Amino acid sequence: MYVHDTIAAISTPIGEAGLGIIRVSGDQAVDIVDRIFRGKKRLKDTDTYQARYGYIIDFKSGKKIDEVICLLMRSPHSFTTEDVVEVGCHGGIVPLRRILNSILDAGARLAEPGEFTKRAFLNGRIDLAQAEAIIQIITSRTEKGMEIAVQQLEGGLSRKISNLRQKLIRVLAHLEAALDFPEDEIEGFSEGEIGKIISEVISEVEKLLKTSQTGKIYREGVRTIIVGRPNVGKSSLLNALLREQRAIVTDIPGTTRDVIEEMINLQGVPLKLIDTAGIRDTEDLVERLGVERSKELLNKADLVLLVLDVSQELTDEDFKIIEMIRNKKTIVVVNKTDLDAKIDQFQLQKIFPDQKIVRTSMVEEEGLDELRDAILELVFQGEVVSTDETIVTNLRHQRALEDALQSLNKAKESFKANMPHDFVTIDLKAGVEHLGKITGETLTEDIIDQIFAEFCLGK
Ligand code: GDP
Ligand code: ZN
């Protein structure tokens, strides 16, 4: 186990709340809190997983700060595997800050962002993929996104990666033994078996990589832009979707006065709706934002909802917009079906031979279910993701898998071409190393520091 000093930080959100928690971890955690804790018994004489009621005093002045409940978790049965004391107090900023300061005065050091989780990692309680799952759980936007993260925290991805590494390491051991003793019959694998194992691992890595497409959807949400000429019903559509779906995030950075982004939860899929609501109904997207910005906005979108007004014949403006979104994944929303139709189905199918066309009436609230289904179908391209499948959501993991795949493919080529074994082992080793980056077995310290620096304070 690594030797560490004792760290402390506020672990709950800052702001008015009923309760707040300050977490202290390290060899000296119990001693340090005992210096400022006043209760019936000292923490030193308290059993693990027991809570003690009392109050915390200011280390310097000796003045009472707040009533607290201290929860004790003795090494190794704590989150960090070190001795941990969680001091629960009233949630306001003043008691939290004052107690934290008193703990620091009594001998602890202020924790860096992510340092608790980093210790859990360095002390071997969790691997890197699991540590990263913790950030993901904290920041997840939908239940489904959180389920995937919890699965990763439980070690789903880690086990898979570690299995693949083990297979490759066995092959490596065999090949290297064969290098040292070329004449001997090496027990274990035949040549054919080695080729087969490498191919198996390659196809497993490919399978994992395929899930990262879905992973990206859960990580970043689907950027969906609603376009159409003025008065076709864009705002009505946006409001209908927002009304029915729980909005998860109200303000997202990047929201400007021209363009508003709203997050909705579409059966677990975070949908980032990009609304041009800042544009008055008499103005048009291109006119207001300029051609460049409109194009940029459209380019960045994963999905376009094109709204048309069926009660009016298509105008030049409609065609101009249709032209702009030619190459985008588009769903055509034919709105105002409660009114007399001036566009017929045949004409629409000619203009949109490959696009899904959904007929809606915002006034009568019709067609929304069909629209939602159409969105989900287009997002997943018909691929159904089961909950217990391992899904790669982390960009860093995706990169590592891509690198591993490249090395393994090279190893496979050399092996098939009957190249000397050390040509094969070089690339196999690289593959093992790339896979190990995911769980953190083969990463340098500075990269690990960088990963944990992205955590928030107190985690
Ligand atoms: P936007 O300019 O594209 O955002 O269009 P709005 O959503 O502001 O709607 C323009 C007008 O059309 C409003 O008066 C809406 O009430 C009306 N409208 C929207 N959807 C429908 C619909 O399905 N049927 C009818 N009859 N009117 C609609
Ligand atoms: Zn509008």
Side-chain angles (χ1 to χ4, degrees), residues 222-245 247 250-252 254-264 266 271-291 293-298 300-326 328-349 351-352 355-375 378:
V222 183
R223 284 179 71 89
T224 307
I225 185 165
I226 304 175
V227 298
R229 70 177 156 80
N231 269 317
V232 291
K234 296 183 298 295
S235 303
S236 307
L237 171 64
L238 177 85
N239 288 333
L241 287 171
L242 284 179
R243 204 165 37 240
E244 297 208 352
Q245 250 65 43
T250 44
D251 54 353
I252 298 168
T255 296
T256 65
R257 271 199 307 144
D258 292 337
V259 181
I260 292 169
E261 295 185 358
E262 298 268 8
M263 197 62 114
I264 67 168
L266 201 64
L271 205 69
K272 205 184 265 181
L273 279 176
I274 301 154
D275 166 28
T276 45
I279 297 171
R280 273 179 284 121
D281 285 345
T282 50
E283 289 173 322
D284 120 314
L285 172 80
V286 181
E287 244 165 59
R288 174 67 183 261
L289 298 179
V291 179
R293 267 215 64 207
S294 310
K295 276 194 178 150
E296 191 194 312
L297 212 59
L298 283 170
K300 279 201 295 188
D302 302 310
L303 184 66
V304 174
L305 302 183
L306 168 67
V307 187
L308 300 175
D309 178 349
V310 78
S311 73
Q312 314 247 322
E313 284 178 17
L314 291 174
T315 67
D316 284 352
E317 210 177 337
D318 286 319
F319 284 110
K320 206 168 73 186
I321 296 169
I322 292 167
E323 198 45 51
M324 278 182 87
I325 57 171
R326 265 284 162 233
K328 301 297 295 182
K329 260 191 201 175
T330 302
I331 293 173
V332 184
V333 181
V334 180
N335 191 34
K336 306 201 188 181
T337 54
D338 54 292
L339 302 177
D340 286 339
K342 293 270 172 60
I343 315 173
D344 67 56
Q345 197 65 19
F346 181 69
Q347 186 188 3
L348 283 173
Q349 260 152 16
I351 305 173
F352 304 106
Q355 279 84 355
K356 177 86 186 169
I357 301 169
V358 179
R359 298 165 63 80
T360 63
S361 164
M362 293 308 138
V363 168
E364 301 189 334
E365 304 204 346
E366 268 171 24
L368 280 169
D369 285 339
E370 204 192 336
L371 177 60
R372 274 190 288 267
D373 290 346
I375 292 172
L378 205 57

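No experiment lies behind these values; they were computed from the predicted model shown. One-based numbering, in listed order, for ligands and for the atoms of each.
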TODO: May I ask whether P230 places a heavy atom under 4.0 Å from ligand 1?
DONE: yes

Show the atoms of ligand 1 that are less than 4.0 angstrom away from any heavy atom in [X].
X: D338; answer: 22 (C), 23 (O), 24 (N), 25 (C), 26 (N)
X: K234; answer: 1 (P), 2 (O), 3 (O), 4 (O), 5 (O), 7 (O)
X: V363; answer: 21 (C), 22 (C), 23 (O), 24 (N), 25 (C), 26 (N), 27 (N), 28 (C)
X: N231; answer: 1 (P), 2 (O), 3 (O), 5 (O), 10 (C), 11 (C), 12 (O)

So, is [X] polar-close to ligand 1, with some N/O to N/O distance under 3.5 Å?
X: L339; answer: no
X: T337; answer: no
X: T360; answer: no

I'd like to know if the side chain of [X] reaches the main chain of [Y], judged simply by a donor and an acceptor atom lying under 3.5 Å from each other, with no hydrogens or angles considered.
X: T330; Y: K328; value: yes
X: K329; Y: V304; value: no
X: N239; Y: S235; value: yes

Which pairs of donor and acceptor atoms, one on a side chain in residues 335-346, lie under 3.5 Å apart (sequence neighbours left out)?
residue : atom : partner : partner atom : Å
N335    : OD1  : T360    : OG1          : 3.0
N335    : OD1  : M362    : N            : 3.4
N335    : ND2  : V232    : O            : 2.9
K336    : NZ   : N231    : O            : 2.8
K336    : NZ   : D309    : OD2          : 3.4
T337    : OG1  : T360    : O            : 3.1
D338    : OD1  : S361    : OG           : 2.8
D344    : OD1  : F346    : N            : 3.0
D344    : OD1  : Q347    : N            : 2.8
Q345    : OE1  : R359    : NH1          : 3.2

Task: Worked verdict on R229 versus D318 for salt bridge (charged side-chain N to carboxylate O under 4.0 Å, His left out) - done: CA-CA 6 Å; R229 70 177 156 80; D318 286 319; 2.9 Å; yes

Task: Steps toward side chain to side chain contact (heavy atoms under 4.5 Å, CB included) verdict (I357, V334) - done: CA-CA 7 Å; I357 301 169; V334 180; 3.6 Å; yes

Open item on the list: Counting only heavy atoms closer than 4.0 Å, does ligand 1 sit against the backbone of V232, its side chain, both, or neither?
Closed with: both

Open item on the list: Among residues at least two apart in sequence or on other chains, which ones pass salt bridge (Lys or Arg N to Asp or Glu O under 4.0 Å) with E364?
Closed with: none

